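Just so you know, these numbers use all the heavy atoms, side chains as well, and skip hydrogens, waters and symmetry mates. Letters A, B, ... mirror the listed sequences (proteins, then strands); counts begin at 1. Quantities reported herein were computed from a predicted structural model and do not represent experimental measurements.
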Amino acid sequence: MDDSTPASVQNGMDVDTPPSVTSTPAVFSLDSETFKKIHPTEYHRRFLSQGVRPDGRTLSRFRKAKITVGAITTAHGSAMARLGETTVVCGIKAEITEPKTGAPRDGFIVPNFDLPPLCSPQFKPGPPSELSQSISEYINRVLESSKLLNLSDLCIEEGRAVWVLYADIVCLNYEGNAMDAAMLALVAALKHVRLPTATFYEADNAVRVKEQRTIPLKLSRTPISVTFGVFDGQFILADPDIEEEPHLSSQLTVIIEQNGGLCGMLKPGGSALGQETLTSCLEAARTRATHILGILEGALAER
Amino acid sequence: MSRLEIISPEGLRVDGRRPLELRRVNSRTAVLSQADGSAYIEQGNTKCLAAVYGPREPTKRAALLHDRALINVEYSVASFSSGERKQKLRRDRRLMEIASTIKRTFENVILTTTFPRSEIDIYLQVLQIDGGALHTAINAATLALVDAGIPMTDYVCACSAGYVNNQAILDLNYLEESAEIPTLTVALLPKSGKITMLGLESRLHLDKLEPVIQLASDGCKQLKENIDATIRESTKSLAKTILQ
């Protein structure tokens with residue numbers, strides 16, 4: 001028998017006899033990969049208590065963001081956004097449809113976010129996952145309530161023809177924080193959209209569309225999404241990645257527009273947070289949003 | 001609107017190519033961090049992304065095979081990828097048929113007996129279509145499978161060819177495909193020169209079949225050069241990082 005077995009067992013004594021004081025405590029050590037697998041929350045806790053995260057970032061550091069526009073020439077507008085390794089592409093196609101009778105001058109914008117099984121092993125083929133549906137829905141509500149687009153700008157002929165913009169956002173590689181990447185790709189793609197001139201001809205009851213795509217969309221604001229994760233109810237992690245996401249006790253998404261104003265805030269349940277925490281997240285989000293807006297501007301200038 | 005000439009009097013096609021000319025090919029592997037193997041390929045304006053996961057635990061235990069790996073293919077076309085936006089129907093018959101074709105193409109090439117009771121998933125995402133989506137997807141899948149380290153007996157290289165104005169043409173684009181030119185897609189195993197997949201959906205005169213198949217096979221061989229070069233390039237850089 002080796003040194004790790006208690007003395008009582010080694011000497012073959014019965015259980016009633018107390019163990020000898022000379023028994024050495026068991027030493028149990030693991031390499032970090034195994035530790036990460038069997039006790040991931042403790043693994044992250046060890047890092048966070050030292051003010052650092054497993055990928056080397058400090059708690060308040062966001063991942064590098066990169067935006068490119070115009071990769072999909074078949075779409076009227078397209079953009080690809082990367083946050084670290086999380087890669088999302090958005091393609092916007094404009095079609096012509098009849099407006100609703102209650103709003104004869106209003107066009108439509110239909111965003112949809114998809115997390116296909118291609119982007120991560122955690123998504124299986126089948127109907128859209130809860131995550132993709134909730135992100136889709138939140139983005140849609142933010143777009144509507146912030147009146148990002150003046151829907152009457154999409155009018156071709158009142159009561160007869162309007163533009164409908166289908167914004168399909170697809171995640172190609174999921175390494176955490178799909179919300180921020182999706183929003184960024186969508187806004188970049190919207191800014192990239194160029195619509196052709198469309199004229200309604202009463203005589204033919206049809207719309208003729210020119211070849212050239214020259215008309216940009218007028219966006220009332222530029223919303224930028226900034227997400228934080230909360231670990232153990234106390235550590236605030238900026239831009240959580242895929243290793244951290246399953247172990248977060250709460251998430252907080254803040255949508256900031258270009259002048260620093262608030263467009264949306266989402267804390268879908270999770271551990272309780274104090275007011276000061278929310279305020280400090282808001283400040284951090286503002287700084288990040290300014291940085292992202294700069295990158296966005298740079299990317300659009302390169303079109 | 002005047003009818004587009006598929007081949008102009010000077011012998012040029014609508015995109016300026018000669019009849020036997022392949023579109024420009026651009027390919028890269030290891031583009032996605034989550035997938036075991038991934039690749040991105042552009043053939044002209046047709047762009048396809050492939051991700052391979054596996055061999056891994058099968059999702060449907062009932063479907064697992066005791067003596068080989070199960071190959072599962074999902075072929076997905078982005079709704080912004082083509083001229084008209086197609087509402088993506090998950091159970092779209094055409095997409096499932098293409099996925100099934102690709103699955104059967106690779107089933108015979110991948111050494112599935114090496115991994116019994118497991119599953120290899122091939123996910124294809126077409127981002128932009130300018131004709132030739134099927135063969136671009138097959139080429140992307142080949143690259144991604146090699147990137148994932150899945151053993152295969154040979155590369156699978158695919159290409160399309162058609163016949164118009166008494167001339168066989170290689171690698172049709174969207175305009176040519178929609179002009180009702182008979183299009184033949186061929187997937188070839190370059191080492192043996194054998195055809196693993198062949199598809200034709202329109203009428204083609206029997207006399208013309210042989211030259212069109214031959215042309216498509218030549219296209220496949222040309223593509224093999226590009227695929228091989230990409231694989232060697234990425235393997236070289238991988239070897240460099242390992243040997244450091």
Can you tell me how far [atom2] of [Y] sits from [atom1] of [X], rounded to the nearest 0.5 angstrom?
{"X": "A:K124", "Y": "B:N72", "atom1": "NZ", "atom2": "CG", "result": "10.5 Å"}
{"X": "B:S81", "Y": "A:K93", "atom1": "OG", "atom2": "NZ", "result": "8.0 Å"}
{"X": "A:I169", "Y": "B:F80", "atom1": "CD1", "atom2": "CZ", "result": "9.5 Å"}
{"X": "B:S38", "Y": "A:L118", "atom1": "OG", "atom2": "CG", "result": "8.5 Å"}

Looking at every non-hydrogen atom in both residues, tell me the closest pair between [X] and [Y] and how far apart they are.
{"X": "A:E175", "Y": "B:S33", "result": "OE2-OG, 2.5 Å"}
{"X": "A:P121", "Y": "B:Q34", "result": "CD-OE1, 3.3 Å"}
{"X": "B:E74", "Y": "A:P125", "result": "OE2-CB, 2.9 Å"}

Report task. Measure distances from A:S120 to the heavy atoms of chain B and classify the residue's part below 4.5 Å as side chain, backbone, both or neither. Result ->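 Interface part for A:S120: both.
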Query raised in the report: More than 12 foreign heavy atoms under 6.0 Å from CD of A:Q122: is that the case here?
Result: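 Yes, the 6.0 Å shell around CD holds more than 12 heavy atoms from other groups.
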Query raised in the report: Above 12 or not: heavy atoms from other molecules or residues under 6.0 Å from CZ of A:R57?
Result: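 Yes, CZ of A:R57 has more than 12 neighbouring heavy atoms, counting only those of other groups under 6.0 Å.
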Query raised in the report: Which residues pass the salt bridge (Lys or Arg N to Asp or Glu O under 4.0 Å) test with A:D153, sequence neighbours left out?
Result: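 Counting only residues at least two positions away or on another chain, A:D153 forms no salt bridge (Lys or Arg N to Asp or Glu O under 4.0 Å).
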**Report entry** Residues in side chain to side chain contact (heavy atoms under 4.5 Å, CB included) contact with A:E202, at least two apart in sequence or another chain
**Finding:**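 Counting only residues at least two positions away or on another chain, A:E202 forms a side chain to side chain contact (heavy atoms under 4.5 Å, CB included) with A:R160, A:F200.
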Query - Those residues of residues 40-62 of chain B, ordered by number, that approach chain A below 4.5 Å (heavy atom to heavy atom) - result: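 Residues B:K47, B:L49, B:A50, B:A51, B:Y53, B:R56, B:T59 are the ones that qualify, each having a heavy atom under 4.5 Å from chain A.
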Query raised in the report: Is there a side chain to side chain contact (heavy atoms under 4.5 Å, CB included) between A:V170 and B:L127 once you walk through the steps?
Result: CA-CA 10 Å; A:V170 184; B:L127 297 168; 5.8 Å; no
Query raised in the report: Within residues 62-82 of chain A, which positions have a heavy-atom distance to chain B below 4.5 Å?
Result: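 Residues in range: A:A71, A:I72, A:T73, A:T74, A:A75.
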Requested in this report: Counting only heavy atoms closer than 4.5 Å, note whether B:I129 contacts chain A via side chain, backbone, both or neither.
Outcome: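 Just the backbone, heavy atoms under 4.5 Å.
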